[in-house]
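Bear in mind the structure is a predicted one, so any value in this text is a computation, not a measurement.
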Amino acid sequence: LLVVGWCWLLLLAVVMRAALCLFGSLQCVFQRSTRPLSSNCLFSYPLCHQSGSLQRRNIGKTSPVIHLKMSSMLKEQETTKPATEIISKPNSLGKDDIMDIAKIHEWMVKVRRYLHQNPELSWKEHKTSDFVCDMLEGMGLEPRKIAHGLGVVVDIMPSEACKQDSTFVGIRADMDALPIKEETGLPFTSNNEGVMHACGHDGHTTMVLGAAAMILRSKRIQEKANTDQFQNSPSITRPVRLFFQPAEEVATGAARMVEEGVLENVSAIFGGHLDRAYKIGTMIVDPGCVNGSTDTFEICLRGKSCHAARPHEGVDAIVMGSELVMRLQHIVSRVIDPGFPAVVTVGTFSAGKAYNIIADSAILTGTIRTVNDESQQLIHSQIKTLTFSVAESMGGSATVVFKDSVPPLRNSPQFEPMVRACASNAIESVMNGSIDADESDALTQNSAGKNGNVPSNQCSVIPLPKANMGAEDFAHYLTHVPGFYVRFGAGFAEDDRVISAHTSTWDFNEDVLLVGATYFLNVAKHEWKIIE
């Protein structure tokens with residue numbers, strides 16, 4: 001009996017110890033503590049947190065064996081993120097809201113954040129194009145779709161009393177996003193995992209939508225010009241075509257839009273890009289080349305496979321490719337005029353199947369960037385010549401393919417004075433808080449100077465400081481009609497960090513939205529005397 005009694009007491013002690021351990025562990029979990037059991041808990045035992053489970057940590061031979069599977073709860077604990085605000089789809093501007101600049105700006109911020117939270121990749125902008133159409137239709141406009149149903153085009157006609165020309169002025173925005181996982185920490189961060197507006201196309205789309213609202217506002221003011229307040233406020237004098245382009249990031253959207261007639265009866269085209277390298281209140285207006293050309297090339301080298309111990313029996317494609325990579329570096333340094341920037345980059349080199357086999361093939365891919373057509377064609381020729389000569393000299397063969405070509409983006413210099421005036425007026429009126437029908441809506445000769453030049457004391461409109469070798473498929477439009485492409489300073493006054501576009505933490509100052517919309521309004525309303 002004595003032995004049985006002691007056995008029951010021992011069993012009871014073990015059960016109580018296990019119960020106390022379980023209770024302490026559950027307490028720590030529900031307190032959402034990420035540390036091992038410690039003074040936070042009523043009962044402390046040597047546990048550790050590994051891979052989503054509470055597991056044993058051996059501390060001496062007397063440590064109890066405890067294994068509590070609570071993976072789902074701890075996984076939730078580990079991945080807790082700051083709450084993301086779900087941005088509801090904004091309503092379009094009503095007739096009364098369009099008359100209020102403050103409401104237009106407030107609406108633009110909502111539109112931008114909604115677009116930012118719902119990004120779509122190139123040639124997949126279905127919801128984005130539908131959203132743009134909804135916003136335009138809500139303003140009373142009649143948009144239409146082209147380019148596989150993803151591009152959006154809308155025309156705004158002047159009143160008959162103001163009409164001076166039947167050709168259109170075109171204003172373009174791009175809509176696509178990038179395959180990047182966002183890490184900005186913004187409350188309206190992307191809801192589309194692995195897709196992000198990291199190049200400002202959400203802002204570009206918003207600015208042109210805002211321009212549509214401000215153009216309609218200008219027309220309505222003109223129609224009500226029987227009051228002294230708005231008597232001298234001009235409206236648009238020629239038709240305006242706004243278009244929202246898909247697939248800029250893959251450099252194929254503009255060409256498709258042109259093929260489907262977006263430039264029909266368009267006499268000039270204008271666009272712009274957000275640039276965080278410049279502070280808010282600055283615009284880049286340059287009459288020369290503002291973006292480089294781009295070509296993708298693919299080189300396939302063919303040799304002969306053999307055992308790595310007997311290389312003389314084969315033709316080594318890796319050696320062939322290595323020699324070619326070095327030869328290609330001589331094109332820019334020894335063939336291209338150094339007065340014109342150029343880049344030849346080999347980005348990938350794929351070859352070989354095993355460490356003891358001579359590779360029978362290699363594939364090299366890369367990009368070409370230039371600022372003039374002559375350099376672009378010369379580089380094409382040199383790549384072919386070097387590739388074939390290297391392959392032949394080593395007993396192999398090769399093919400070279402160029403694709404996704406975009407020409408350099410060269411602005412039409414005849415537009416520079418007018419664009420400078422429009423840009424200066426937009427910056428001053430927005431930054432000074434003076435946007436109103438009787439002031440910034442009227443782009444007069446006095447604001448631009450006799451010849452359309454910005455007065456010398458205004459330094460917020462500057463030329464491009466150095467060559468920009470990034471490509472922009474807006475250049476396709478300029479091969480058909482003249483036009484001008486600007487850059488909008490979108491940096492934060494209090495933040496001097498250099499954060500490049502196409503990165504996971506890129507963002508921009510939303511005050512630029514109103515600057516961009518006002519600039520496009522000014523362009524649309526200009527009398528175009530300089531064009532004639």
Side-chain angles (χ1 to χ4, degrees), residues 122 179 249-252 255 289 291-410 466-473 475-476 479 502:
S122 303
E249 295 293 355
V250 295
T252 55
C289 181
N291 285 87
S293 67
T294 181
D295 299 273
T296 300
F297 63 83
E298 180 178 271
I299 300 172
C300 297
L301 302 171
R302 290 182 294 276
K304 180 182 177 182
S305 183
C306 67
H307 196 290
R310 303 179 63 82
H312 60 288
E313 296 178 353
V315 177
D316 195 334
I318 291 179
V319 174
M320 197 187 312
S322 300
E323 175 71 14
L324 179 59
V325 170
M326 298 308 298
R327 293 276 192 94
L328 293 177
Q329 308 312 305
H330 290 252
I331 297 176
V332 173
S333 64
R334 290 296 178 267
V335 178
I336 301 301
D337 184 340
F340 299 98
V343 176
V344 177
T345 296
V346 177
T348 69
F349 188 148
S350 305
K353 299 177 181 177
Y355 74 95
N356 59 353
I357 301 174
I358 296 295
D360 63 353
S361 65
I363 299 176
L364 283 65
T365 65
T367 185
I368 304 165
R369 305 298 171 104
T370 66
V371 296
N372 60 14
D373 296 330
E374 294 76 13
S375 295
Q376 187 180 26
Q377 296 307 313
L378 184 54
I379 291 175
H380 281 206
S381 175
Q382 284 290 305
I383 288 178
K384 289 180 179 179
T385 299
L386 291 174
T387 299
F388 297 144
S389 65
V390 168
E392 184 179 356
S393 68
M394 294 187 176
S397 60
T399 59
V400 181
V401 176
F402 298 99
K403 55 185 179 180
D404 300 333
S405 178
V406 175
L409 197 168
R410 288 187 295 269
K466 59 183 179 180
N468 176 17
M469 303 308 289
E472 165 59 63
D473 78 348
H476 279 302
T479 63
H502 289 219

Separation of I383 CD1 from L378 CG (nearest 0.5 Å): 10.0 Å
Could you check H330 against V335 for side-chain contact (heavy atoms from CB on, under 4.5 Å), going step by step and ending with a plain yes or no? CA-CA 7 Å; H330 290 252; V335 178; over 6 Å; no
Nearest 0.5 angstrom please: T365 OG1 to K403 NZ, how far? 8.5 Å
Quick check against the 3.5 Å criterion: does T479 have a side-chain atom that pairs as donor or acceptor with the backbone of H476? yes
Heavy-atom closest pair, residues P408 and A475: O-CB, 3.6 Å
Quick one: closest heavy-atom pair of Q376 and V406, and the distance? NE2-O, 3.9 Å
So, for H307 and I358, which heavy atoms are closest and what is the spacing to 0.1 Å? O-CG1, 3.9 Å
d(R327 CZ, S322 OG) to nearest 0.5 Å is 12.5 Å
Are the side chains of S305 and I357 in contact, using a 4.5 Å heavy-atom criterion? yes
Tell me, do E249 and H502 make a side-chain contact under 4.5 Å, heavy atoms counted? yes
Using a 6.0 Å cut-off, check whether atom CD of E392 has over 12 heavy atoms from anything other than its own residue. no
Do M320 and V390 touch side chain to side chain, with heavy atoms closer than 4.5 Å? yes
T399 versus R302: any side-chain heavy-atom pair under 4.5 Å? yes
Any side-chain to backbone donor/acceptor pair from R369 onto M469? Under 3.5 Å, distance only. yes
Give the minimum heavy-atom separation between F297 and T367, together with the two atoms involved. CE2-N, 3.5 Å
Over all atoms of both residues, closest heavy-atom pair of S375 and I336: OG-CG2, 3.8 Å
Value rounded to 0.5 Å, distance of CG in L386 from CE in M326: 12.5 Å
At what distance, to the nearest 0.5 angstrom, does CG of L301 lie from CG of L324? 6.0 Å
Might you point out which heavy atoms bring S405 and D295 nearest each other, and give the distance in Å? OG-OD1, 2.9 Å
Donor-acceptor pair, side chain of N468 and main chain of N291, under 3.5 angstrom: no
Output for pair (S361 OG, K353 NZ), nearest 0.5 Å, gives 6.5 Å
